[in-house]
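Let me begin by presenting the structure, written as structure tokens, before commenting on it.
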Amino acid sequence: MPSKPCTVAAALSASRARLLHGLPLGAGRAAAIWRNSHDRVFYARPEGHTLSLYLQGGEGTRRLGRQAGPGHPGAVCIMPEAQSSDWEITDPFAFVHLYLPDAALRSAFAETFDRDARLMALPDLTFGEAPVLAAALRRLAAALVAGDAAAADAAVAEAMPAALALSAGQRLPVVKGGLAPHLRRRVVEHVEAHLDTALRLDALAALAGLSAFHFQRMFRLSQGVSPQGWILQRRLARARLLLRGALPVARIAPACGFSSQSHLTRAFRAATGTTPAAYRQAVRAPAAADRPAA
């Protein structure tokens, strides 16, 4: 068995599994639908976190060393970074995987729960029942089949907090250093209130009463990302929200702190793999489909 860390996707590529659909989603994230049968797959201390949903079959799949029983359609698995696992497959089944870098998930944890990123404790889940996460992963699978990066990004935005919510009750790690909670909250709230302006590192450091160098180090410890990276994430999050409405993209850009529409488009594509216009079309489509016919 391999001893060096690898990704779950790399381990599957080296197995008998067949990739049906795959899509890079920007910022180190990716998703894929696989089919496998009559195989044994070992994930050795994998890099990154994997969220999994069984789409078809699974009754012939079991995790060795765990008393979890066999899989089934709709079963959810969470494979945290560096958690090895050994799987035996005796019957055909299909599943969707969402691959998330540790830094991205920790940053999402800090954003979603307003807590220190180092307190994230993702559960190691095998064949669990998680309806909200399962629904988001089903939407992700549909987006992969359609090759729709915008719809996939929207599904990922739902899947990440759903997975993080399952960490409630997990034993929290002890953390040292970083920003004090009241200072972290002061900076985060200031950023949120001034996303349409130029946000300078020295000004944010002053809010925390620290030098720019020390603030940058402490912020990264607490939020899982640099201050500049956090600001960009929040600008893009606001852009996603505004894209659900009718405001023209040219006006959304300055409202989110981007210098121009092209600046927003470049940053949005780098982070999500799609454009603001395509994202708007993707998130509006389900709402239009739900409206009753006249």
Side-chain angles (χ1 to χ4, degrees), residues 1-25 28-102 104-105 120-145 152 155-156 159-160 162-167 170:
M1 292 182 180
S3 58
K4 293 183 179 180
C6 67
T7 66
V8 167
L12 285 170
S13 296
S15 74
R16 299 183 63 182
R18 182 163 63 95
L19 178 65
L20 302 181
H21 304 277
L23 195 64
L25 299 171
R29 306 168 306 161
I33 297 177
W34 300 85
R35 183 178 296 279
N36 203 1
S37 176
H38 300 89
D39 200 2
R40 182 169 174 180
V41 182
F42 181 69
Y43 305 128
R45 297 183 292 121
E47 297 175 352
H49 306 279
T50 300
L51 310 181
S52 172
L53 174 71
Y54 284 21
L55 301 172
Q56 298 172 355
E59 295 87 348
T61 300
R62 63 191 182 99
R63 181 172 175 179
L64 302 179
R66 287 288 180 96
Q67 301 298 318
H72 55 87
V76 170
C77 298
I78 298 179
M79 293 173 274
E81 181 171 75
Q83 180 64 55
S84 298
S85 56
D86 197 1
W87 303 81
E88 184 179 67
I89 303 108
T90 58
D91 294 315
F93 79 119
F95 53 98
V96 61
H97 273 180
L98 172 58
Y99 306 117
L100 299 167
D102 182 64
L105 199 57
M120 186 190 83
L122 199 64
D124 182 357
L125 182 66
T126 302
F127 307 144
E129 299 296 329
V132 176
L133 177 55
L137 292 175
R138 283 193 190 93
R139 286 190 283 274
L140 175 61
L144 293 179
V145 172
V156 172
M160 290 173 68
L164 291 168
L166 298 175
S167 65
Q170 295 286 108

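All values derive from a computational prediction rather than experimental measurement.
Taking all atoms of both residues into account, the shortest heavy-atom contact from A32 to Y99 is CB-CE1, 4.2 Å. Closest non-hydrogen pair, P46 versus P80, comes out as CG-O, 4.2 Å. Across all their heavy atoms, F127 and T61 have their closest contact at CZ-O, 3.6 Å. Contact between I33 and A141 at its shortest, heavy atoms only, is CD1-O, 3.6 Å. Closest approach of Y54 and H72 over heavy atoms only: CB-O, 3.3 Å.
Ionic pairing of R66 and D86 is not present here: no N-O contact between side-chain nitrogen and carboxylate oxygen is shorter than 4.0 angstrom.
Residues V96 and L51 fail the side-chain proximity criterion, which asks for heavy atoms closer than 4.5 Å. With a 4.5 Å cut-off on side-chain heavy atoms, P101 and R29 count as touching. Here the side chains of T50 and I78 are not in contact, with every heavy-atom distance at 4.5 Å or above. L105 is listed as a side-chain neighbour of L164, based on a closest heavy-atom distance under 4.5 Å. Taking the side chain as every heavy atom from C-beta outward, I89 and D91 never approach each other to under 4.5 Å. Within the 4.5 Å cutoff, the side chain of S85 has no heavy atoms near those of the F42 side chain. Annotation: side chain of E88 is not in contact with side chain of R63 (no heavy-atom distance under 4.5 Å). With contacts defined as side-chain heavy-atom distances shorter than 4.5 Å, the pair M160/L100 qualifies.
L133 contributes atom CG, which lies 7.5 Å from atom CG of L53 (distance to the nearest 0.5 angstrom).
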Quick one, S15 with D39, criterion side-chain contact (heavy atoms from CB on, under 4.5 Å). Give me CA distance, side-chain angles, the key distance, then yes/no. CA-CA 7 Å; S15 74; D39 200 2; 3.2 Å; yes
Output, in order, the C-alpha distance, side-chain angles, deciding distance and verdict of side-chain contact (heavy atoms from CB on, under 4.5 Å) for M79 and S52. CA-CA 8 Å; M79 293 173 274; S52 172; 4.3 Å; yes
Item to complete: Any chance you could lay out the side-chain contact (heavy atoms from CB on, under 4.5 Å) test for S13 and W34, step after step, and finish with the verdict?
Response: CA-CA 10 Å; S13 296; W34 300 85; 3.5 Å; yes
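Among residues two or more places apart in sequence or in another chain, the side-chain hydrogen bond (donor to acceptor under 3.5 Å, both in side chains) test is passed with D102 by H49, R106.
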Side-chain donor/acceptor pairs under 3.5 Å, residues 16-24, sequence neighbours excluded:
from, atom 1, to, atom 2, distance (Å)
R16, NH1, H38, O, 2.9

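A side-chain donor-acceptor contact under 3.5 Å links S84 to the backbone of R45.
For R35 and Q56, the side-chain atoms include at least one donor-acceptor pair closer than 3.5 Å.
Ring pair F95/F93 is parallel by interplanar angle, where below 30° counts as parallel and above 60° as perpendicular.
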